[in-house]
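This one's a predicted model, so the numbers in the text were calculated from it and none came from an experiment. Positions are given from 1, in the same order as the sequence printed here.
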Amino acid sequence: MESVKITWMQDGKQRESAVTYSPAAAKDYKGYKEEQDGASDVQIVPAQI
C-alpha cells in the first residue's frame, strides 16, 4: 500500500506531516491544511519509509 505525507509552507519554513496517510485520506487532510491560516503551497508527496 502506498503511503504519502503532506508538505506545506508556514512562517517561511517548509513543514512536513509527522504521520503518513493513504492517498485517499491525504486528499482530505490536504484540504484541511489549505484552510489553515498561514499555510500555503500544500502538497501530497510520497513518504520515505
Cluster question for you: counting only ILVMFWY and a side-chain heavy-atom cut-off of under 4.5 Å, with indirect links fine, are Val19 and Val45 together?
-> no

Do Gln14 and Met9 have side-chain heavy atoms sitting under 4.5 Å apart?
-> yes

In Å and rounded to the nearest 0.5 Å, what is the CD to CD1 distance from Glu16 to Ile6?
-> 10.5 Å

Between the CG atom in Asp41 and the NZ atom in Lys33, the distance rounded to the nearest 0.5 Å is 13.0 Å

Contact summary for Val4 and Ala26, nearest pair of heavy atoms = CG2-CB, 3.5 Å

Taking all atoms of both residues into account, what is the closest heavy-atom pair of Trp8 and Ala39, and its distance?
-> CD1-CB, 4.0 Å

When every non-hydrogen atom of Pro23 is compared with those of Glu2, the smallest separation belongs to CD-O, 3.5 Å

Write down the atom of Gln10, the atom of Asp37, and the distance for their closest heavy-atom approach.
-> NE2-O, 3.7 Å

Rounded to the nearest 0.5 Å, how far does NZ of Lys30 lie from CD of Glu35?
-> 11.5 Å

